[in-house]
Undergrad: 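I have a structure here, written as structure tokens, and I will follow up with some questions on it.
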Amino acid sequence: MISLGIESTAHTFGCGIISDKGKIYANVTDAYRTESGGIHPSEARKHHENAKDKVAEDALGIANLKLSDIDLISFSQGPGLSPCLLVGMAKAKELAKKLNVPLVGVNHCIAHLEIGKLMTKAKDPVLLYPSGANTQIIAYEAGKYRVFGETLDQGVGNFIDSFARYIGLGFPGGPKIEKLALDGKNYIELPYVVKGMDVSFSGILTNLKQKYGSKKYPVEDLAFSLQETVFAMLVEVSERAMAHTGKKELVLGGGVACNKRLQQMCRIMCEERNAKFSVPPNEVLVDNGLMIAWLGIVQRKQAAKNYDRIDIRPYERTDDVLVDWR
Ligand code: ATP
Ligand code: FE2
């Protein structure tokens, strides 16, 4: 069985193709970018409208498959921006109807977890999912993927991007802050904000802006201290989720997981508690269609041909989804 999946929750329009055996055929993305990094939903929708046909055609071309080779279509149902989600769903329905194959809508956050499991061979991991818009620590317990901890305000990626933009580094800020941090020599104390199992970044952002404005601190030290502080917060909550659930595997997903220092800190924590740590390749850490195609396979029992009854779910939470495939 071959599945074609479409991602369109935010700035990325993606199309991935994968078989039920996990054979990867293609993973094509086209991202809407602005100078500031901010996302304007109707502009992103226009981007996706323009990109959708080419991205799907390119994916089939790279896969060396005909459209008629596809047995199943899946798409990101949520969470995400409605104008963006609607474009992905329309393209998915167009293809499913043309082929007369089943269609299934899937959850974007769970897709990060399931593709991580496939690519790292983890069986029952805790997922640390730090991305632009989201920051969650997720694991399976009693029929659902539960959110053990999450951000109380913005996603860690948006937080890093905001500070990077403030100091004139442009967008996306994550890779630039990572590079700058390599030259940091001194740790400057910043607020460390873990509340229960949740994290928060807005106060740290204000503090960083004040420190930058005071001109007392080298910007490399600020970048270094930013990473050390917020990554320690994420690692702390991940470790507590592992301790609470008794799980022995940690997997990463989300764009900020591309960061080598975050990966290193997670690896050290896992070594210290005799757990297995794994990171899938960058192309599936960021938003992509491949993880959607794979979750389509995983949830194929829910796929159906009553296309008109399938809709987007912009506000769907990870723990809204009943996990009946494990
Ligand atoms: P979501 O998955 O919540 O829809 P998104 O679409 O905004 O989020 P992703 O594509 O998963 O996000 O990731 C983009 C984010 O990852 C940006 O905030 C970017 O700065 C950050 N990022 C990318 N590379 C790195 C890096 N090396 N270090 C830190 N952050 C990074
Ligand atoms: Fe994502």
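In listed order, ligands and their atoms are each counted from 1.
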Undergrad: Does even one non-hydrogen atom of H108 get within less than 4.0 Å of ligand 1?
TA: yes
Undergrad: May I ask you to check if ligand 1 and A10 share an N or O to N or O distance below 3.5 Å?
TA: no
Undergrad: So is T12 close enough to ligand 1, meaning a heavy atom under 4.0 angstrom away?
TA: no
Undergrad: Would G155 count as a contact residue for ligand 1, given that I'm defining contact as a non-hydrogen atom of the residue lying under 4.0 Å from a ligand atom?
TA: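 The answer is no: ligand 1 sits nowhere under 4.0 Å from a heavy atom of G155.
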Undergrad: Examine the side chains of Y129 and N134 and answer whether a donor and an acceptor come within less than 3.5 Å of each other.
TA: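 Yes.
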Undergrad: Considering only heavy atoms, which of G174, S131, P175 lies nearest to atom 30 (N) of ligand 1?
TA: G174
Undergrad: For Y129 and ligand 1, answer yes if some heavy atom of the residue is under 4.0 Å from a ligand atom, otherwise no.
TA: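 Yes, that is the case, since the closest heavy atom of the residue is under 4.0 Å from the ligand.
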Undergrad: Got a sec: does the CZ of R309 have more than 12 other heavy atoms crowding it under 6.0 Å?
TA: no
Undergrad: Can you tell me, to 10 degrees, how wide the angle at the Fe ion (ligand 2) is between NE2 on H112 and NE2 on H108?
TA: 90°
Undergrad: Can you give me the OD1-the Fe ion (ligand 2)-OH angle for D287 and Y129, to 10°?
TA: 170°
Undergrad: Test your reading of the structure: does A133 have an N or O sitting under 3.5 Å from an N or O of ligand 1?
TA: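 Yes; at least one N/O pair falls below 3.5 Å.
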Undergrad: Give the single entry among A257, G173, G255 that approaches atom 11 (O) of ligand 1 most closely by any heavy atom.
TA: G255
Undergrad: Could you give the distance from CD1 (I138) to CG (L113), rounded to the nearest 0.5 Å?
TA: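 Taking CD1 in I138 and CG in L113, the distance rounds to 6.0 Å.
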